[in-house]
Asks: 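Right, I'll just put the structure down here and ask away after.
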Amino acid sequence: MDDGHTGGCVCGAIRFETSGEPLRVTICHCTWCQRRTGTAFGTEVVFETHQVRFTGAAASRYRHVSDESGRWLDVAFCPTCGSNLGFTLEAAPGLRTLPAGIFDDPAWIRADRHTFRHVWLRSRRDWSDLSDTVEKYERHFRS
Ligand SMILES: [Zn+2]
Ligand SMILES: [Zn+2]
């Protein structure tokens with residue numbers, strides 16, 4: 001069974017491989033994700049930390065502390081090309097995210113196969129349309 005997936009940053013200095021299925025895909029419409037991604041939402045494929053192995057150059061990290069929860073998120077990014085490499089967060093120990101777009105072949109991430117959760121819809125842009133079939137939360141499903 002081929003359940004491993006590879007990906008990496010734009011310049012290729014940082015690569016990763018995953019094993020097994022992700023827990024879920026969280027699509028976050030919060031204003032922080034809008035700013036850090038430069039678009040309407042962040043699309044985070046959520047894995048347990050041990051399922052993800054990085055190779056190549058070391059990622060840079062930026063710690064953001066939420067002004068709402070007071071908890072930190074450590075964002076990883078390539079120091080050369082700036083690609084977003086996902087984050088770890090204080091609120092969910094043992095988990096890390098990888099943005100859906102940095103996989104070599106993102107086609108394996110499928111709405112009919114994985115759980116998609118849309119969170120922080122209270123700050124969703126009105127030009128960011130949602131399907132009727134996805135899970136939706138005005139705030140986070142943990143809050
Ligand atoms: Zn890079
Ligand atoms: Zn967010």
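Both ligands and their constituent atoms are indexed starting at 1 by order of listing. By convention here, the first residue in the shown sequence is residue 1. Just so it is clear, the structure is predicted and the values come from calculations on it, not from any experiment.
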Asks: Please examine the side chains of C33 and F41, heavy atoms only from C-beta on, and report whether any two atoms are closer than 4.5 Å.
Replies: no

Asks: Can you tell me how far apart CD1 (I102) and CZ (F16) are? Round to the nearest 0.5 Å.
Replies: 4.0 Å

Asks: Check R122 with E138, please: is the shortest side-chain N to carboxylate O separation under 4.0 Å?
Replies: no

Asks: Answer yes or no on whether R24 is positioned over the face of F116, meaning its NZ or CZ is under 6.0 Å from the six-membered ring centre and within 45° of the axis.
Replies: no

Asks: Tell me, do V119 and T26 make a side-chain contact under 4.5 Å, heavy atoms counted?
Replies: yes

Asks: From the Zn ion (ligand 1), how many protein N/O/S atoms are found at a distance short of 2.8 Å?
Replies: 4

Asks: Using side-chain hydrogen bond (donor to acceptor under 3.5 Å, both in side chains) as the criterion, point out the one residue from T55, T18, D105, D104 that pairs with T6.
Replies: D104

Asks: Indicate whether the side chain of H64 and that of W72 have a donor and an acceptor atom separated by less than 3.5 Å.
Replies: no

Asks: Would you say the side chain of P22 lies within less than 4.5 Å of the side chain of V46, judging by non-hydrogen atoms?
Replies: no

Asks: Under 2.8 Å from the Zn ion (ligand 2), which protein N/O/S atoms are there?
Replies: C28 SG, C30 SG, C33 SG

Asks: Within the 4.5 Å heavy-atom criterion, are H118 and Y137 side-chain neighbours or not?
Replies: no

